[in-house]
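Comments concern the structure below.
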Amino acid sequence: MENEIVVQQHIENKLRFYYLRNYRWILHSLYWLYVFISGQLMVGEPILSAKGFFLNFLFDNWLIIAFYYIYALYLIPHLFKKNRKRAFWLRFVLTFFILTVLNVAFQIIFESYLQASYADHHFQWIDFPKHLLFYCYIYLRNFVSFAGFLFLMETAESMSDYKATEAAKDDFTQSQKQLLKTRIDPAFIMNTLDHISIMAQHKNKETAQTIVRFSDVLRYRLYRSKSDEIELSEELLQIRHTFDLYNTAYRKAYILEVEGATEHIRVHPSSFLGMLAQLLATSTAEQEDSIVFYLLALDQEIDLAIEWESDYTDKKTIIRNITDHLDEFYPGQYRIEYDQVNRLCSIRIHLDLQLPASL
């Protein structure tokens, strides 16, 4: 209930004075300035005339101005934009009719008090129905003009909002992709540091090389991943470093096999590492598991075969995570298949970089 109140208040604040905010009032001022100047020219009065402003412009237009801004500041934001269409049309028609009647009555009653140069209607009560039809026509004609003016204003605003929204979506997508590139499992960092510490305490001769590999993996994920594309060979080198790190620190036997020329193929950095990270996140030092990562490079097509043997039970979730990861980096450019027999999960991925990425 409280959330609904907050949302409703947000909507109210956004719609309040919508047609006057963000310097739109300048356009309204220019519109009414045009009406004022054209009215002055019609009666042959000087444009910069206070008397003309009050006795010509305001006298003839104050009720129609009231109608316009009842429409713009109440009927549209509080009824039409909240999808209360029936209430909108009912009050629109009533407002249109009532203010038109009042405008004719106002002219009949008070025009006789004006100077002769400003008395241009000479309405009489006996001709009230005819004058009313005339003013309905005037109201409708000017209302269409005013409503069109508001519509163009809102259309321009909508186009600007659309471009800003699309830019924001693109920025968000790029930020999400960058996050995927640079994200490192904290457990991996802490466990690796713990194992390096243990290796150092036992004066393991592989300690220095493990530290170098660990630093290289972190440096790649944090800095090199900011590039849009890199050579596949550079990505594979980091996979090899990661496997070497696990094989040394965790006593694993992870294997990377590559066939074909990889230097001419460009891929998104950390896109393959990110897939492997889903598997590596399930690995612990005590767990007996194995990963064989086989890659075949053929021109602009890549075939991946991953043989993953592990006691981890929820392998389907890992496959879904890998699929989501591919959707982020290579939408519409991949096929993925898998099958599972007991502890062994075989994953097959075909990546066609010649296909355009779907948006």
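Between atom CG of residue Leu351 and atom CD of residue Glu301 there is a gap of 9.0 Å, rounded to the nearest 0.5 Å. Taken to the nearest 0.5 Å, the NE2 atom of His241 stands 11.0 Å off from the CG atom of Leu256. In this structure, the separation between CG on Leu102 and CD on Gln107 is 12.0 Å, given to the nearest 0.5 Å. Note that CG of Asp324 is 8.5 Å distant from CD of Gln278, once rounded to the nearest 0.5 Å. Rounding to the nearest 0.5 angstrom, the gap separating the OG1 atom in Thr262 from the CG atom in Leu232 is 5.0 Å. Atom CD1 of Ile265 sits about 10.5 Å away from atom CD of Glu231, to the nearest 0.5 Å.
Under a cut-off of 6.0 angstrom, the local environment of CD in Gln201 is crowded, with over 12 non-hydrogen atoms contributed by other residues, nucleotides or ligands. More than 12 heavy atoms of other residues, nucleotides or ligands shown are found within 6.0 angstrom of CD on Gln354. With a 6.0 Å radius and a threshold of 12 heavy atoms from other residues, nucleotides or ligands, Glu288 has its CD atom at or below the threshold. Residue Asn342 qualifies as open at atom CG: its count of foreign heavy atoms under 6.0 Å is 12 or below. Counting heavy-atom neighbours within 6.0 Å of Arg251 CZ, excluding the residue itself, gives a total of 12 or less. Residue-environment remark: CG (Leu94) exceeds the threshold of 12 foreign heavy atoms within 6.0 Å.
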- Item | Verdict with supporting geometry, Arg266 and Glu234, side chain to side chain contact (heavy atoms under 4.5 Å, CB included) | CA-CA 9 Å; Arg266 301 187 68 81; Glu234 189 174 354; over 6 Å; no
- Query: After noting the C-alpha distance and the side-chain angles of Asp352 and Arg335, does the key distance pass the side chain to side chain contact (heavy atoms under 4.5 Å, CB included) rule?
  - Reply: CA-CA 9 Å; Asp352 190 347; Arg335 295 194 313 271; over 6 Å; no
- Are Tyr74 and Leu79 close enough, and set up right, to give a side chain to side chain contact (heavy atoms under 4.5 Å, CB included), and what steps lead you there? CA-CA 7 Å; Tyr74 172 70; Leu79 298 179; 4.1 Å; yes
- Taking it one step at a time, do Asp339 and Cys345 satisfy side chain to side chain contact (heavy atoms under 4.5 Å, CB included)? CA-CA 6 Å; Asp339 57 78; Cys345 181; over 6 Å; no
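Under a hydrophobic clustering in which Ile, Leu, Val, Met, Phe, Trp and Tyr are joined whenever their side-chain heavy atoms come within less than 4.5 Å, directly or via other members, Leu326 and Tyr338 fall into the same cluster. By the criterion of side-chain heavy atoms lying less than 4.5 angstrom apart, applied directly or through intervening Ile, Leu, Val, Met, Phe, Trp or Tyr residues, Tyr294 is not grouped with Ile347; the two fall into different hydrophobic clusters. Under the 4.5 Å side-chain heavy-atom criterion for grouping Ile, Leu, Val, Met, Phe, Trp and Tyr, Ile230 is connected to Ile239 within one hydrophobic cluster. Taken together through direct or relayed side-chain contacts under 4.5 Å among Ile, Leu, Val, Met, Phe, Trp and Tyr, Leu296 and Phe293 form parts of separate hydrophobic clusters. Under a hydrophobic-cluster definition in which Ile, Leu, Val, Met, Phe, Trp and Tyr are linked whenever side-chain heavy atoms come within less than 4.5 Å, directly or via other members, Leu344 and Leu276 are assigned to different clusters.
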Extract all donor-acceptor atom pairs below 3.5 Å that involve side chains of residues 302-310 and protein atoms in other chains or at least two apart in sequence.
| unit_1 | atom_1 | unit_2 | atom_2 | d |
| --- | --- | --- | --- | --- |
| Asp303 | OD1 | His350 | ND1 | 2.6 |
| Glu307 | OE1 | Ser346 | OG | 2.7 |
| Glu307 | OE2 | Ser346 | OG | 3.4 |
| Glu307 | OE2 | Arg348 | NH1 | 2.9 |
| Glu307 | OE2 | Arg348 | NH2 | 2.7 |
| Glu309 | OE2 | Arg343 | NH1 | 3.0 |
| Ser310 | OG | Gln287 | NE2 | 2.6 |
| Ser310 | OG | Tyr312 | N | 3.0 |

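Looking only at distances, a side-chain donor or acceptor of Asn247 sits under 3.5 Å from a matching main-chain atom of Phe243. Between the Gln238 side chain and the Ser270 main chain, no donor and acceptor come within less than 3.5 Å of each other. A donor-acceptor pair under 3.5 Å is formed between the side chain of Ser271 and the backbone N or O of His268. Using modelled atom types, one side-chain atom of Glu235 and one backbone atom of Leu273 make a donor-acceptor pair closer than 3.5 Å.
For Tyr330 and Tyr334, the ring centers sit 6.0 Å or farther from each other.
Residues Val104 and Leu132 approach most closely at CG2-CA, 3.9 Å, considering heavy atoms. For the pair Gln333 and Phe329, the tightest heavy-atom approach, listed with the atom from each and the gap, is OE1-O, 4.4 Å. Looking at every heavy atom in both residues, Ala261 comes nearest to Ala297 through O-CB, 3.5 Å. Closest non-hydrogen pair, Leu279 versus Ile291, comes out as CB-CD1, 4.0 Å.
Using cut-offs of 30° and 60° for the angle between ring planes, the Tyr139 and Tyr135 rings count as tilted. Ring pair Tyr254/Tyr246 is tilted by interplanar angle, where 30° to 60° counts as tilted. Ring geometry, Trp125 versus Phe128: the interplanar angle falls under 30°, so the pair is classed parallel (tilted spans 30 to 60°).
Side-chain contact between Glu257 and Leu295 is absent, with no heavy atoms from C-beta onward closer than 4.5 Å.
Checked by atom type, the side-chain pair Arg320/Thr317 shows a donor-acceptor distance below 3.5 Å.
A ring pair (Phe, Tyr, Trp, His ring centres under 6.0 Å) with Phe96 is found for one member of Tyr137, Phe67, Trp89 and no other, namely Phe67.
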